[in-house]
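A short worksheet on the structure shown next.
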Amino acid sequence: MSELTHSVEALLFVASEPLSVRELAAYTDSSPERVERALDALADRYVEGRSGVVLEKAAGGWGFRASRSAAAVCARMVNRPQTRGLSQAALETLAIVAYLGPVSRPEIARIRGVAADAGVAGLLERGLVEEAGRADTIGNPVLYRVTTAFSRMFGLEEGVASLPGLAEFDLSDADHEALRARLHLVADQRDGAA
Amino acid sequence: MSELTHSVEALLFVASEPLSVRELAAYTDSSPERVERALDALADRYVEGRSGVVLEKAAGGWGFRASRSAAAVCARMVNRPQTRGLSQAALETLAIVAYLGPVSRPEIARIRGVAADAGVAGLLERGLVEEAGRADTIGNPVLYRVTTAFSRMFGLEEGVASLPGLAEFDLSDADHEALRARLHLVADQRDGAA
Amino acid sequence: MSVGIRRISGVTVSDLELDLDVFQGPFDLLLALVMREEIELSEVPIAEIVVAFVERMQERGEIDLDSASEFLVLIAALLEIKVRLLFPGEEDDELEELTAEQAEAELIERLIEYRRYAASARWLGDRTADLRVFRTGPAPLAPRPDPVVEAFSEDPWQLHAVIGRLLTPPPKIDISSVRRRLVPVSEFLTRFRALLRERRGFAFEEAVAGLDPISQAAAFLAILELYKAGEADPVQDELFGPIRVARGSGKAAPQPAPAETEPSQIDRAIA
């Protein structure tokens with residue numbers, strides 16, 4: 001197989017989306033015609049019955065998928081029960097969004113004392129938080145709140161109103177500003193101590 | 001090729017992280033020995049020079065990656081070539097997290113003599129380190145460890161266990177002695193001159 | 001395995017020539033003398049050493065990252081040791097007093113530890129030449145998982161525990177030591193103004209007798225503030241002699257660097 005064929009093969013393996021002939025031609029610095037020929041060669045190799053991975057033309061372009069014979073096994077892996085619970089980072093982010101939301105990523109990062117946050121993306125993917133407009137502060141960061149799926153997961157019948165109260169911290173359940181102020185204050189103190 | 005080989009091929013393609021022999025055996029309902037044989041067959045097919053995609057042992061499991069000849073083209077597409085342009089400072093921080101992780105920013109700062117905030121944030125963004133809970137020490141700093149992507153990126157077959165022992169980086173006895181003597185010597189010389 | 005340990009001698013750090021009040025010579029020699037207690041570390045102005053190092057790097061017009069990193073490790077260790085010398089007997093075990101031998105051993109240990117990781121970083125750096133590209137997300141045409149969330153699978157008190165910890169300030173030990181260092185200059189401004197209203201002048205040493213060194217420093221800054229504003233006129237006849245503070249003429253003193261010493265800024269600096 002030609003080097004171009006190898007490059008197209010690798011691109012399609014590494015990409016998270018199907019790639020069009022035009023995109024493949026751009027990445028490999030070659031003509032659409034040559035890319036088409038490379039795709040033909042690959043389609044010959046990656047075909048049902050001969051390989052567990054099959055080259056297919058889909059909506060947005062070309063991509064590999066699991067063969068029909070292997071589909072059931074792959075579905076088993078993808079749908080495996082999520083045994084891993086929430087990580088410490090995810091739980092903290094979730095608690096802040098639940099008690100303080102709607103809240104922005106920069107504010108979550110500031111309260112947690114972590115420079116960059118990976119937590120929100122994971123929680124969005126799991127459907128536990130969702131976007132809730134934008135803040136009026138500099139840069140207009142996106143705000144997040146918890147979802148009904150979150151309430152189901154934690155068994156909160158009235159949503160965030162059913163969260164355990166914060167009375168022992170002298171905070172009333174409704175007073176978000178007092179909670180916000182306290183979280184920021186403690187975050188600053190931790191920053192100084194660590 | 002056997003149906004098991006096709007299933008293993010498809011699983012490794014669909015998964016977003018390397019899969020261990022044990023995991024592959026569980027998903028395919030077969031013995032580790034048979035999975036090993038299937039992997040051997042695949043490794044023979046997906047090998048440098050013969051394919052644009054290479055099957056490689058990484059981070060304690062098996063995964064596909066772009067072949068060396070196709071890597072540069074693929075790096076163009078991947079929006080963050082994670083190891084490109086890592087500064088010496090970033091590499092030092094990475095080394096400390098790899099060997100000592102889970103480790104906190106204050107601990108990294110103690111070893112390097114400078115604040116670790118920016119360095120760690122950059123590595124988080126590149127997906128080379130991730131959070132790993134909080135320490136029980138004052139201020140409860142967040143702990144960090146290296147990711148699976150780190151092990152794949154640096155070609156570590158068994159993850160951090162494949163790193164060379166720290167002792168290999170120690171100064172030789174002679175260098176050690178020279179360092180110790182360096183402080184004394186200069187003072188002695190001055191005493192001699194005085 | 002050869003990992004390319006850097007040469008020990010001839011690094012820029014050891015060549016750094018210093019010209020301080022307490023010491024003239026190479027940085028290495030200063031370290032050695034400090035370790036042998038021939039020079040009081042408490043009298044070594046670490047900021048000036050840093051400035052000297054930065055100036056030298058600028059002169060060379062290039063930044064040698066290796067020696068800059070090593071310098072940072074040494075200076076950080078030196079600072080920490082100096083802090084321990086200045087604040088002996090803190091309740092914290094880690095801050096116990098150091099003997100000269102211990103300080104030296106620790107400094108060397110720090111350098112060795114740092115070099116170990118610097119060398120492993122170079123090992124990692126060499127491996128980045130081999131570009132490994134793979135997919136980290138889901139495959140494009142793969143079956144997608146059903147976004148099922150198990151109902152009642154998590155305990156809401158977990159959230160309470162986590163937010164509770166984020167609401168709990170760090171332990172008191174630190175607050176006490178911070179408070180000791182929080183010496184507002186403004187307090188001394190008020191006190192000295194009151195003194196100067198009652199009397200024509202006072203002796204600085206008497207006014208600050210019994211105070212800890214940091215409070216004395218804050219008091220001295222307050223005197224400088226009053227002098228700048230023309231409210232006080234401090235006189236010192238000889239070096240290290242007593243300072244007599246007289247009531248000022250009311251005319252502001254000439255200011256070489258304006259607005260650099262707002263009282264609030266000084267408060268922050270002292271804190």
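First the proteins, then the strands, lettered A, B, ... as listed; each starts at 1.
- When only modelled atom types and interatomic distance are considered, A/Glu107 and A/Ser104 share no side-chain donor-acceptor pair under 3.5 Å.
- Contacts between A/Leu185 and chain C at a heavy-atom distance below 4.5 Å are absent for every atom of the residue.
- If you measure heavy-atom distances from A/Ala15 to chain C, the contacts under 4.5 Å come from the backbone alone.
- Here the side chain of C/Thr168 pairs a donor or acceptor atom with the backbone of C/Gly164 at under 3.5 angstrom.
- Side-chain contact, A/Tyr46 with A/Glu9: a donor N or O sits under 3.5 Å from an acceptor N or O.
- A/Leu163 touches chain C through its side chain: at least one heavy atom from C-beta onward sits under 4.5 Å away, while N, CA, C and O do not.
- At a threshold of 4.0 Å, the pair A/Asp29-A/Arg34 does not count as salt-bridged, since none of the basic side-chain nitrogens sits closer than that to a carboxylate oxygen.
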